[in-house]
Amino acid sequence: MQRNEYPLLSPSLGAQKTLVAFRFGVPGARPKVYVQASLHAEELPGMLVAHHLRGLLETAEQAGLLKGEVILVPAANPIGLSQRLDHRSMGRFEFDTAQNFNRHYPDLAAAVLADASIRMGPDPHANVATVRELVHQWLTRWQPATELDSMRRRLLLLSHDADLVLDLHCDTDAVMHLYSEEACWSPFEPLARLLGCRAVLLAHESGGGPFDERLSGLWWQLAAALRVEGVNAPLPQACASTTVELRGEGDVAHDTAREDAQAIFAFLEHAGAVAANAPPRLPPMACKPTPLAGSQTLRSPVPGVLVFLAKPGAALSVGDVVAEVIDPTAAGQARVHQVRAEVSGVLYATVRERYIVSGGEVGKIAGATPFRSGDLLGA
Ligand SMILES: [Zn+2]
């Protein structure tokens with residue numbers, strides 16, 4: 001195992017943050033798997049899972065079982081980790097720019113299109129190697145002017161040539177679920193089984209430039225853009241990436257983190273990154289994948305005290321009451337507003353705050369029928 005420290009751009013006199021990455025296996029060995037945690041810095045279950053996964057990988061490496069390469073970044077956002085307000089962690093948006101730490105990653109397909117269009121040939125493996133080289137060159141040339149962009153660049157430099165990418169997040173209160181692009185679902189179906197995902201949200205493209213989709217989107221978007229240019233060279237989907245939501249922010253416990261780390265380790269065995277005596281047993285899927293465009297975000301049109309009648313994991317039908325919003329100051333009878341499910345499906349996440357403003361978000365249901373378009377991710 002190698003431990004590497006990467007200094008970020010210093011934004012101010014005397015200020016210097018550092019990103020730490022652990023590297024297991026032989027550099028260049030395949031498959032390369034990249035795992036990072038807590039890009040949204042207040043989402044800590046992944047950091048604890050990374051701690052336990054690191055132990056499993058160290059043991060495996062000492063036993064000579066590492067066949068591929070694994071990069072582990074246990075605390076992917078030192079900028080967000082340092083942000084606090086009113087004694088609370090504020091790790092989702094950068095204070096300076098108000099940008100979400102998991103949006104605005106550069107469009108890698110657009111960045112390399114011009115060079116790729118003149119260098120593609122008949123060999124798909126050679127084309128993959130060429131595109132990875134072009135992306136690496138582009139990232140090396142990129143000179144970020146801000147600390148945030150320097151962090152984005154470093155995370156992409158560590159991950160851009162990975163075959164598999166796991167970005168470990170969590171929701172506020174939630175059951176285990178994951179997001180992925182449709183093009184990546186097949187390689188991650190075993191991971192969803194091993195983790196016991198209660199919802200799987202698939203999108204062609206979510207929009208907004210999140211970390212995971214820039215890495216997997218590179219391949220299918222570049223292939224499509226090349227076809228538009230009249231270049232019909234074979235370019236496989238060389239990276240599959242997913243955002244794993246490890247339940248809720250409060251679910252930071254050794255027993256679940258150990259189980260989750262074991263599940264990810266078994267996935268690494270399944271993917272051939274770690275040698276195993278026998279292929280890991282894959283439990284049945286605990287849910288059916290649903291389109292992200294079918295996920296309903298429940299909102300309350302009125303302010304008040306939010307009281308949940310359903311918990312994350314509940315299977316809901318249209319019309320079921322999910323929560324009540326109570327206005328204890330109302331005159332007459334108009335004191336209780338019921339928030340009802342408008343689609344059928346699993347209530348996979350709910351908010352944690354119990355005071356809600358008008359238009360505020362209550363929770364999310366994984367519906368089976370697409371009805372949304374445009375940018376599909378929330379703020
Ligand atoms: Zn997140």
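Counting starts at 1 for both ligands and their atoms, following the listed order. FYI, side chains are in, hydrogens and waters are out, and symmetry mates aren't considered; it's all heavy atoms of this structure.
- A donor-acceptor pair under 3.5 Å is formed between the side chain of Gln83 and the backbone N or O of Phe93.
- For His169, the N, O or S atom closest to the Zn ion (ligand 1) goes by the atom name ND1.
- Proximity of Tyr34 to Leu166: side-chain heavy atoms (C-beta onward) are nowhere separated by under 4.5 Å.
- Between Phe188 and Phe267, the ring center distance clears the sub-6.0 Å criterion.
- With a cut-off of 2.8 Å, the Zn ion (ligand 1) has no N, O or S atom of Cys170 in range.
- With a cut-off of 2.8 Å, the Zn ion (ligand 1) has no N, O or S atom of Glu245 in range.
- A cation-pi geometry, defined here as NZ or CZ lying under 6.0 Å from the six-membered ring centre and within 45° of its normal, holds between Arg152 and Tyr105.
- His40 contributes ND1 as its N, O or S atom closest to the Zn ion (ligand 1).
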